[in-house]
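I have placed the structure first, in the form of structure tokens, so that the comments after it can refer back to it.
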Amino acid sequence: MRIQEKSLRDADEENAEKLLAIYCSNVASASSTAGVDMQNTTLQSVAAYYFSTYSRLIGTEDIYYSLVFGGKYLYDMSPYDPYTVFKEGAPPAQGEADVIIKRVRAGKDTVLVGYCPFRLSDQVFEGYISMNVSETENKIHGLRISCVIVLLFGCIITVMITVLLVRHVLSPIEKLTQNAISISKGDYHLRTNHESNDEIGILSAAFDKMSESIEEKITHLDMELQKRQLLLGALSHEMKTPMTAIIGYADSLMRMPLSDAQREDCAKKIYDAGKHTERLAQKMMELVGLSEPGQIEKTNFDASEFVIELKAFVPPQVEIACEVQSIYGDKALLLSMLLNLVENGLRASDDNPQVRVLITESENLVRFIVSDRGCGIAPEQIPLIMEPFYRVDKARSRKRGGAGLGLAICRKICEQHGGTLSISSEPGQGTTVTASAMAQTMPLIITT
């Protein structure tokens, strides 16, 4: 912009310099030829004549010429009084056309005033040019306005593009923020689904992974909570029966006239109900303890000693076979698991109490297989049999003192040992329960 302004103004100044220099040179040449040996007054008149003649010939509407001698105008058509512009400090004549240009304001107009001295004989004349360059200044003003408009328009476009780019860049972050707020309110299924190779894409992928992990954990916690609630409800229901028996027989002892035999029978019923409640509480504590996170005490122990301990707790008719030399795990828990499975097999085999236990190893798993020849389990009941308090035959289980927690505890013990619990059964043919536990991985020893 400044270069354009300077170029326009320099062009006007150069034009004024050329016009005034040529003008004064022509007047001096013509006056010198015509005014040889003239008086001073006559010479001034001749110079004024030629000056006015050339002014009328080449003058234009916005260019005016003036001739000054001795501080007085010999010819002046300019409305701007150019002599006063150079009145103070006018440069001396150099014997040739030296042009000096000044830019001045005259009201609303911008004027270039040029000064050029020239000699005729021994007299010095001063030629002036007054050029109205308001049109050039108007062009410069228009250029400035155009530049401001273009700059303003460019700024507006830049701001709009910047806003769009910022919105485009920040939209994933805004979505992340909204999803985080929604997740904090319980809406765990939301995802950003923003795929890009920049940092925002990496952040979105990490956020989606975090959301998925949170959703899985919350779902797991909800399921565990539901199981706990069902477990507590079932526990309350199971404890209601023995508590009702204890209260009823205790009330009979206090209020009714009973014989010694009847009192002894009531006391025995209260004792049995109390023992059932105690067993139920112990089983619940064992199940809750196995559900809590934490490491169990695993050791590598001798399988033959384990079998000896197992035989001490089971009836003689239970057959036990062991094909492994050592077992890795929590000895007490594994013993408790087998006792539960053997007890279930004996309960299901009233008429033919044949239970067989086989301890073997395959695929890096120690397998405890307990089979019986009892009543068996219907196929639709097998998926439910390992749920707490579920009983295939509720009447017989209560009669034998079962709480419906044995298989649930056995499954937890298997999970703590890195294994599983599976059941295969046919009604009337018997049941086979296979419990597994991870075998100890022996370190590789390299000898040289």
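What's counted below: heavy atoms across the whole structure, side chains too, no hydrogens, waters or symmetry copies.
Annotation: Gln178, atom CD; neighbour count of heavy atoms from other residues, nucleotides and ligands within 6.0 Å is above 12.
One N or O on the side chain of Asp372 and one on the backbone of Thr431 form a donor-acceptor pair closer than 3.5 Å. The backbone N or O of Ala332 sits nowhere less than 3.5 Å from a side-chain atom of Ser336 that would complete a donor-acceptor pair. A donor-acceptor pair is defined here as one N or O able to donate and one able to accept, closer than 3.5 Å; no such pair exists between the side chain of Asn15 and the backbone of Ala11. Formation of a donor-acceptor pair under 3.5 Å by the Ser29 side chain with backbone atoms of Ser25 is not found in this model.
Within the model, atoms CD of Glu323 and OG1 of Thr360 stand 4.0 Å from one another, a figure rounded to the nearest 0.5 Å. Going from atom CD1 of Ile129 over to atom SG of Cys24 covers 9.0 Å, rounded to the nearest 0.5 Å. Atoms OH and OG1, on Tyr50 and Thr53 in that order, are 8.0 Å from each other to the nearest 0.5 Å. Here the straight-line distance linking atom CG of Asn132 with atom CD1 of Ile63 works out to 10.0 Å at 0.5 Å rounding.
Remark: Phe368 pairs with no residue by the ring-ring contact (aromatic ring centres under 6.0 Å, His included) rule, at least two apart or across chains. Not a single side-chain hydrogen bond (donor to acceptor under 3.5 Å, both in side chains) links Thr432 to another residue, sequence neighbours left out. Not counting sequence neighbours, Tyr64 has no partner by the side-chain hydrogen bond (donor to acceptor under 3.5 Å, both in side chains) test. Shown here are the side chain to side chain contact (heavy atoms under 4.5 Å, CB included) partners of Thr136, two or more places apart in sequence or in another chain: Leu8, Asp12, Val133, Ile140. Applying the salt bridge (charged side-chain N to carboxylate O under 4.0 Å, His left out) test to Glu215 and every residue at least two apart in sequence or in another chain returns Arg191. In this view, Lys331 and Glu309 satisfy the salt bridge (charged side-chain N to carboxylate O under 4.0 Å, His left out) rule, not counting sequence neighbours. Ser66 pairs by the side chain to side chain contact (heavy atoms under 4.5 Å, CB included) definition with Tyr73, Asp76, Ser78, Pro82, Tyr128, not counting sequence neighbours. With sequence neighbours excluded, the residues forming a side chain to side chain contact (heavy atoms under 4.5 Å, CB included) with Thr162 are Thr158, Val166, listed by chain and number. Partners of Met210 under the side chain to side chain contact (heavy atoms under 4.5 Å, CB included) rule, at least two apart in sequence or in another chain, are Phe207, Ile214. By the side-chain hydrogen bond (donor to acceptor under 3.5 Å, both in side chains) test, Thr110 pairs with Arg105, sequence neighbours left out. Taking Ser146 as the reference, nothing meets the side-chain hydrogen bond (donor to acceptor under 3.5 Å, both in side chains) condition, with sequence neighbours excluded.
In this structure the side chain of Leu407 never reaches within 4.5 angstrom of the side chain of Asn340, judged on heavy atoms. For the pair Val324/Ile327, a side-chain contact is recorded, criterion being any heavy-atom separation below 4.5 Å from C-beta on. Here the side chains of Phe306 and Leu338 are in contact, with some heavy-atom distance below 4.5 Å. Looking at heavy atoms from C-beta onward, Val85 lies out of side-chain contact with Val111 at the 4.5 angstrom threshold. At a threshold of 4.5 Å between non-hydrogen side-chain atoms, the residues Leu74 and Val68 do not count as touching. Counting only heavy atoms from C-beta outward, the side chains of Ile369 and Val357 never approach each other to under 4.5 Å. Two residues are said to be in side-chain contact when any heavy atoms from C-beta on lie closer than 4.5 Å; Leu334 and Asp330 fail this criterion. Looking at His220 and Glu216, their side chains never come closer than 4.5 Å, going by heavy atoms from C-beta outward.
The nearest pair of heavy atoms linking Tyr80 to Ala106 is CD2-CB, 3.6 Å. Taking each heavy atom of Gln44 and Gln123 in turn, the nearest pair found is NE2-OE1, 3.5 Å. For the residue pair Arg9 and Glu137, the shortest heavy atom distance occurs at NH2-OE1, 3.0 Å.
Just one of Ser422, Ser436, Ser362 meets the side-chain hydrogen bond (donor to acceptor under 3.5 Å, both in side chains) condition when paired with Arg367; it is Ser362.
Evaluation of the salt bridge (charged side-chain N to carboxylate O under 4.0 Å, His left out) test over residues 13-24, restricted to residues two or more places apart or in two chains, returns Glu13-Arg103, Glu14-Lys18.
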Hey, mind stepping through Gln325 and Asp302 against side-chain contact (heavy atoms from CB on, under 4.5 Å) and telling me if it holds?
CA-CA 6 Å; Gln325 294 181 353; Asp302 186 79; 5.9 Å; no
Carefully, step by step, assess Leu112 and Val104 under the rule side-chain contact (heavy atoms from CB on, under 4.5 Å).
CA-CA 6 Å; Leu112 287 179; Val104 296; over 6 Å; no
I would like to know whether Glu126 and Leu67 meet side-chain contact (heavy atoms from CB on, under 4.5 Å); could you show each step before the answer?
CA-CA 6 Å; Glu126 299 173 4; Leu67 180 63; over 6 Å; no
Which is it for Met337 and Cys414 under the side-chain contact (heavy atoms from CB on, under 4.5 Å) test, yes or no, and what are the steps along the way?
CA-CA 9 Å; Met337 177 187 70; Cys414 289; 3.6 Å; yes
Phe125 vs Phe51, test: ring pair (Phe, Tyr, Trp, His ring centres under 6.0 Å). Steps then yes/no.
CA-CA 11 Å; Phe125 293 85; Phe51 205 90; 9.2 Å; no
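Taking the six-membered ring where the residue is Trp, the centroids of Phe301 and Tyr328 are separated by 6.0 Å or more. Checked against a 6.0 Å centroid threshold, the rings of Tyr65 and Tyr75 do not count as neighbours.
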